[in-house]
Amino acid sequence: MHILVTGGAGYIGSHTCLELLSCGHRVTVVDNLSNASIESLSRVETLTGRKVNFCKVDLLDRQGLRGVFKSCDARFDAVIHFAGKKAVGESVANPLLYYHNNITGTLVLAEVMAEYGVKNIIFSSSATVYGDPATVPISEDFPLSCTNPYGRTKLMVEEILQDIVVADPQWNVCLLRYFNPVGAHKSGLIGEDPHGTPSNLMPYISQVAVGKLAQLSVFGGDYETKDGTGVRDYIHVVDLALGHVKAVERIVQNPGVVICNLGTGKGYSVLEMVRAFAEVSGKEIAYKIADRRAGDIAACYANPAKALRELGWQTQYGLHEMCEDTWRWQQNNPNGYGREIM
Ligand code: UD1
């Protein structure tokens with residue numbers, strides 16, 4: 001199949017391109033490189049021995065996007081839509097930026113897809129759409145709510161795409177709700193390359209381990225969890241990428257709307273993550289217990305049964321590999337892809 005991947009040069013996007021190519025699919029990437037590096041795709045080409053067709057296009061540029069659909073010699077069988085802004089704090093400070101990029105960008109994409117008769121889309125959603133769940137593990141039928149503009153863009157796009165299917169049953173939509181993606185490809189050649197100081201736990205820990213950051217602040221030590229620190233469902237990015245390959249294979253069977261959690265079903269606390277990373281890296285991870293972070297919840301982990309049922313997908317990698325692969329990437333690439341700011 002020929003898959004268009006928006007945001008394909010980013011962290012999850014690049015790992016997904018690699019797995020799609022490894023399974024024999026063709027890949028075209030559109031990315032504006034605002035939070036990604038073209039170098040990630042060169043490395044994907046090196047690892048797979050296959051070519052990625054790259055187009056530096058912003059989804060807000062309708063004409064540019066039309067050009068991608070027009071110029072491709074083969075029609076796209078499906079679109080995997082990762083492109084979007086994803087920092088919670090930034091979304092609170094600048095909601096219009098988030099609504100414009102994530103919502104308008106998706107609207108333009110869907111309109112151009114319809115113009116060219118491409119009606120299969122896999123959307124990169126998030127467990128953030130469950131808000132503060134009443135219980136864990138979380139199933140797909142749990143009530144949805146959001147606490148910040150970033151989360152609301154995910155929920156709104158989910159709703160928009162489902163409305164499109166109601167209006168035109170030729171569309172097929174797969175909404176994948178990710179839990180906490182971590183890790184890197186085992187080659188150590190591609191991984192997560194956050195701008196500036198990371199706000200997510202795993203890249204923060206690995207930068208403490210490599211000596212770039214002095215100390216981790218553990219946000220809250222008094223949650224009602226096993227050790228008082230927040231519990232999350234960390235999922236290896238390669239498992240996540242493989243979930244997209246399964247979703248691509250499923251979507252061409254005309255399923256209508258499919259909604260799946262992509263998580264492991266296991267929850268680890270912040271301190272368990274710190275200990276596991278220290279053990280794998282052989283480095284001490286300095287930390288202090290700090291105040292809770294506004295908007296954080298105590299515990300969040302998936303019931304992944306539906307993804308197994310609907311997509312035939314389940315995770316293969318455990319915490320040890322998540323830490324080991326993150327550490328290999330961090331050590332081999334202390335400055336990430338060394339990109340210039342675009
Ligand atoms: C965050 C976002 C979520 C988004 C996801 C994408 C927030 C509030 N939520 O999820 O909307 O979908 O990233 O990756 O930003 N922690 C520390 N110290 C740190 C960083 C994190 O103790 O320096 C703790 C957090 O309190 C939490 C856990 O580590 O308990 C995981 O945090 P993080 O990696 O930021 O992910 P989420 O908050 O779950």
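Just follow the structure's listing: the first ligand is 1, and inside any ligand the first atom is 1.
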Which residue and heavy atom of the protein sit nearest atom 39 (O) of ligand 1, plus the separation:
R232 NE, 2.6 Å
Protein heavy-atom partner closest to atom 24 (C) of ligand 1 - residue, atom, separation in Å
V270 CG2, 3.7 Å
Tell me which one of E90, K86, R152 satisfies side-chain hydrogen bond (donor to acceptor under 3.5 Å, both in side chains) with Y98.
E90
At a 4.0 Å threshold, what atoms of ligand 1 neighbour a non-hydrogen atom of T128?
11 (O)
For ligand 1, which atoms, with element, lie under 4.0 Å from some heavy atom of S199?
20 (C), 35 (O)
Proximity to ligand 1 by part of Y234, non-hydrogen separation under 4.0 Å:
side chain
With rounding to the nearest 0.5 angstrom, report the CD1 to OH distance, I190 to Y337.
5.5 Å
Within 4.0 Å of some non-hydrogen atom of S126, the atoms of ligand 1 are 12 (O)
Inter-residue atom distance C146.SG - D132.CG, 0.5 Å rounding:
12.0 Å
Using a 4.0 Å heavy-atom cut-off, which part of R293 comes near ligand 1: side chain, backbone, both, or neither?
side chain
G151 heavy atom under 4.0 Å from ligand 1
no
Please state which protein non-hydrogen atom is closest to atom 34 (O) of ligand 1 and give its distance, to 0.1 Å?
L201 N, 2.8 Å
Supply the atom-to-atom distance Q316 CD to D239 CG, rounded to the nearest 0.5 angstrom.
5.5 Å
Suppose I only count heavy atoms of L216 and a 4.0 Å limit; which atoms of ligand 1 are within that range?
18 (N), 19 (C), 23 (O)
For K154 and T128, run side-chain hydrogen bond (donor to acceptor under 3.5 Å, both in side chains): C-alpha distance rounded to whole Å, both residues' side-chain angles, the deciding distance at 0.1 Å, then the answer.
CA-CA 8 Å; K154 291 293 178 194; T128 195; over 6 Å; no
Provide, to 0.1 Å, the distance between atom 1 (C) of ligand 1 and the closest protein heavy atom, together with that atom's residue and name.
N200 ND2, 3.7 Å
Looking only at protein heavy atoms, identify the closest one to atom 3 (C) of ligand 1 and say how far it is in Å.
V88 CG2, 4.1 Å
Kindly indicate whether the side chain of K283, heavy atoms from C-beta on, has any atom under 4.5 Å from the side chain of F277.
no
Relative to the heavy atoms of V218, which atoms of ligand 1 are at a distance of less than 4.0 Å?
22 (O)
CD/E115: more than 12 non-hydrogen atoms of other groups inside 6.0 Å:
yes
Among all protein non-hydrogen atoms, which one is nearest to atom 25 (C) of ligand 1, and what is the separation to 0.1 Å?
D296 OD2, 3.4 Å
Distance from atom 36 (O) of ligand 1 to nearest protein heavy atom, with residue and atom:
N180 ND2, 3.1 Å
Checking a contact table here: which protein heavy atom is nearest atom 22 (O) of ligand 1, and how many Å away?
F219 N, 2.8 Å
My understanding is that only one of L201, N180, I285 makes a side-chain contact (heavy atoms from CB on, under 4.5 Å) with M273; could you say which?
L201
Check each atom of ligand 1 against the heavy atoms of S217 and keep those under 4.0 Å away; list them by number with element.
17 (C), 18 (N), 19 (C), 22 (O), 23 (O)
State whether the number of non-hydrogen atoms from other residues, nucleotides or ligands found under 6.0 Å of Y116 atom OH is greater than 12.
yes
Decide whether the shortest distance between a heavy atom of Y150 and an atom of ligand 1 is less than 4.0 Å.
yes
Once you measure the plane-to-plane angle for F123 and H81, does it fall in the parallel (<30°), tilted (30-60°) or perpendicular (>60°) bin?
tilted
From L18, N333, N332, L47, residue fulfilling side-chain contact (heavy atoms from CB on, under 4.5 Å) relative to L189:
L47
